[in-house]
Every structure is written in C-alpha cells, then in structure tokens.
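Please see the structure below; I have some questions.
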Amino acid sequence: MELIDGKATATAIKAEIKQEVERMVAEGGKRPHLAAILVGHDGGSETYVNNKVRACEECGFQSTLLRFEDDITEAQLLTEVRQLNEDATVDGFIVQLPLPRHIDEQKVIEAIDPHKDVDGFHPINVGRMAIGLPAFISATPKGILELLRRYHVETKGKKCVILGRSNIVGKPMAQLMMQKSGGDSTVTVCHSHSPQLKDECRQADIIIAAIGRPAFVTADMIKPGVVVIDVGTTRVPDATRSRGWRLQGDVDFDAVAPLCSAITPVPGGVGPMTICMLMQNTLAAAKHLYR
Ligand code: GUN
C-alpha cells in the first residue's frame, strides 16, 4: 500500500510556484495578489483562511484578508465583491463559504468577476471547465487530479466511483475524471440516495469519497488493490487530543488502507493540495492565462 502524501506534494508545488513568482518579479513583474473575504467566526473557516494566507507567504504572493461580522448585509457584501472586481491590484479573490443564512451564496458567487474567480465557483468557470475550455477549476478536484498524476495512478479506462455530488467537489470531480484531457475514466457518481452504493464501490478501481460522513467507506465496500482518495474532513470529538477533536475522513482508514494499492490520509492528503491549487489558480490569474 502506498500512502499518497498530499502534504509533501503540496510543499513541492508551492516551491515551484515560489520559484516562478521570483522569476516574474526579477523580470520586473508584480507579485500575484490574492484577497479573501471572511464573514463571521466559524472555527473551520478561520483555520482555512489563515492557512490560505500562510500559503500566499510561502509562494511569495501578496495577500489581503477582509473580515466582516456575521451581521453584514448581502448588499454590503456585494459592494465589497464589486470593489475587489474593480481593484486592479488584486489578481484573484475568494469569498470563504459558508456564508450566514441571510446571505444568498449563489448571488455572491455570481457577482465575482469570472476572471478573478480563483475558486472556480462562478457558473462561467464551471461551464467552461465542463466543456474542456481553459477555466479556473475548483481547487479540491483539481488537487486530486494533480495527486493522481504525480503518483502515476493510471486513470484511463478505469472505473471511478465518486461519493458525493456537491458543487465544490463531487460534480466537478466527475466532469474532470470523465474528460479525455482529465482522468479519461468511466465515472459513476453515488450519493445519499443511491441504493446500490456499496456494490458500485466494490467494482471501483478508484474511489473518491466526498460524502461528508466520517468513516463511511468500510473494508467490505472495496475491491483489493483499489486507489482511495479521501476528501472528508469532519471534526469528531476526541478526548485524547488537547483541543478535544480530530479530523476524520470519509474512509475508515485503519481497516481500508491495508487493502488499497494507494490511499490518501486525513489529515495530510487532499487538504494541503486544495490550498496549493488555489495558489496555482492565483498565479494563473496574475498571468491572465484564462483571459
Ligand atoms: N469552504 C469550504 N471549501 C471552500 C473553498 O474551497 N472555497 C471557499 N471560498 N469556501 C470554502
């Protein structure tokens, strides 16, 4: 069984990005600039955004964090988005999700200039990606494809089962894995209402678990030799940790790992790659690659 080390891979890619940035700066160019909007004080969101700001430093990017309280109105937030759209010093920006319930997330996403949408959430980018045009691609599925490539996992003609159909992971992952220029796999998407989910998983050469249920994928659900990618990051209570919780993936790692040819751990698998792909998208935005 090979452990797919997302942390080490992300470190290597960030070093590649930093090298490219220093080359751009040496040639008189400016540093890529990522801005992030964070609303409220959700613990997970704060951690993610802090990690994104730290990754910017590692890559030699400029970063700006804009923080607002939970009671910001939708109109105020839309004004902030429009200001970032107009700000020529900002190459790309993200609005950290989830947003408070009184704000229409889709409306905010669609207010972002698609050329600055480094999360790849705007329908223009989602649509362009779906038909294989150059576009910002959602960081988690992009990072998974990159991990599969760097670990030389054969995907062409393989049966890939994706658990979960979210806009951020499941749906774009399915698009990328089916595309000729992507995974070139035969793709099945399963979700909470798929009656044959276990049978589908047992036939899979590659399982990508993004269903958001801790330890959902068990040893009886897999074919020996399968490649397992675990996207789950649920905080579960853990009295043995000083902070009282740990991150649990969607896969029962201890039982499943010995049967796999390769598997990503949680943490240290997909998570670090996600932030790293956001950095890649920001570099692409700074270079106007998709304009
Ligand atoms: N919330 C969870 N994942 C993400 C992400 O990739 N981008 C943003 N903006 N919010 C998120």
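We count ligands from 1, going down the list as the structure has it; atoms in each ligand are counted the same way.
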message: Looking at ligand 1, would Met277 count as a contact under a 4.0 Å heavy-atom criterion?
response: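 Heavy atoms of Met277 never come under 4.0 Å of ligand 1.
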
message: Tell me whether Arg82 is salt-bridged to Glu86, with the criterion being a basic N under 4.0 Å from an acidic carboxylate O.
response: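 Salt bridge between Arg82 and Glu86, a charged N being under 4.0 Å from a carboxylate O: no.
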
- prompt: Can you name the nearest heavy-atom pair linking Arg31 to Val21, along with the distance?
  reply: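 Looking at all heavy atoms of both residues, the closest pair is NH1-CG1, 3.8 Å.
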
- prompt: Should the proximity of Thr140 to ligand 1, defined as any heavy atom under 4.0 Å, be assigned to the side chain, the backbone, both, or neither?
  reply: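 Neither; no heavy atom under 4.0 Å.
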
- prompt: Any idea which heavy atoms bring Phe136 and His115 closest together, and the distance?
  reply: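 Residues Phe136 and His115, closest heavy atoms: CE1-O, 3.4 Å.
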
task: Give yes or no for whether the N/O distance cutoff of 3.5 Å, strictly under, is met between Ile168 and ligand 1.
output: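 N/O-N/O distance under 3.5 Å: no.
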
message: Need the ligand 1 atom indices (1-based, order shown) with element for anything under 4.0 Å from a heavy-atom of Val95.
response: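 Here the atoms of ligand 1 in question are 8 (C), 9 (N).
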
- request: If you have a sec, work out which protein heavy atom is nearest atom 4 (C) of ligand 1 and how many Å separate them, to one decimal?
  value: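 The protein heavy atom lying closest is Gln96 NE2, 4.0 Å.
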
field: Lys52 and ligand 1 - part of the residue with a heavy-atom distance under 4.0 Å
entry: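 Answer for Lys52: side chain.
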
- prompt: Based purely on interatomic distance, does Leu97 place a nitrogen or oxygen under 3.5 Å from a nitrogen or oxygen of ligand 1?
  reply: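 Yes, there is a polar N/O contact under 3.5 Å.
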
query: Any ion pair linking Asp205 and Lys158 (charged N to carboxylate O, less than 4.0 Å)?
result: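 No.
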
query: Short N/O distance, under 3.5 Å, between Asp119 and ligand 1?
result: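 Right, the criterion is met.
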
Ligand-side contact atoms (ligand 1) for residue partner Phe121, heavy atom cut-off under 4.0 Å: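 Answer for ligand 1: 5 (C), 6 (O), 7 (N), 8 (C), 9 (N).
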
task: Determine whether the side chains of Glu74 and His102 contain a donor N or O and an acceptor N or O closer than 3.5 Å.
output: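 On atom types as modelled, these side chains do not qualify, holding no pair under 3.5 Å.
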
query: So Arg54 and Asn51, side-chain hydrogen bond (donor to acceptor under 3.5 Å, both in side chains) or not? Walk me through it.
result: CA-CA 5 Å; Arg54 185 152 13 105; Asn51 289 343; 3.0 Å; yes

Sub-4.0 Å heavy-atom approach of Tyr48 to ligand 1: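 Under 4.0 Å: no for Tyr48.
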
query: Between Met173 and Ile208, which heavy-atom pair has the shortest distance, and what is it?
result: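 Closest heavy-atom pair between Met173 and Ile208: CG-CD1, 3.8 Å.
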
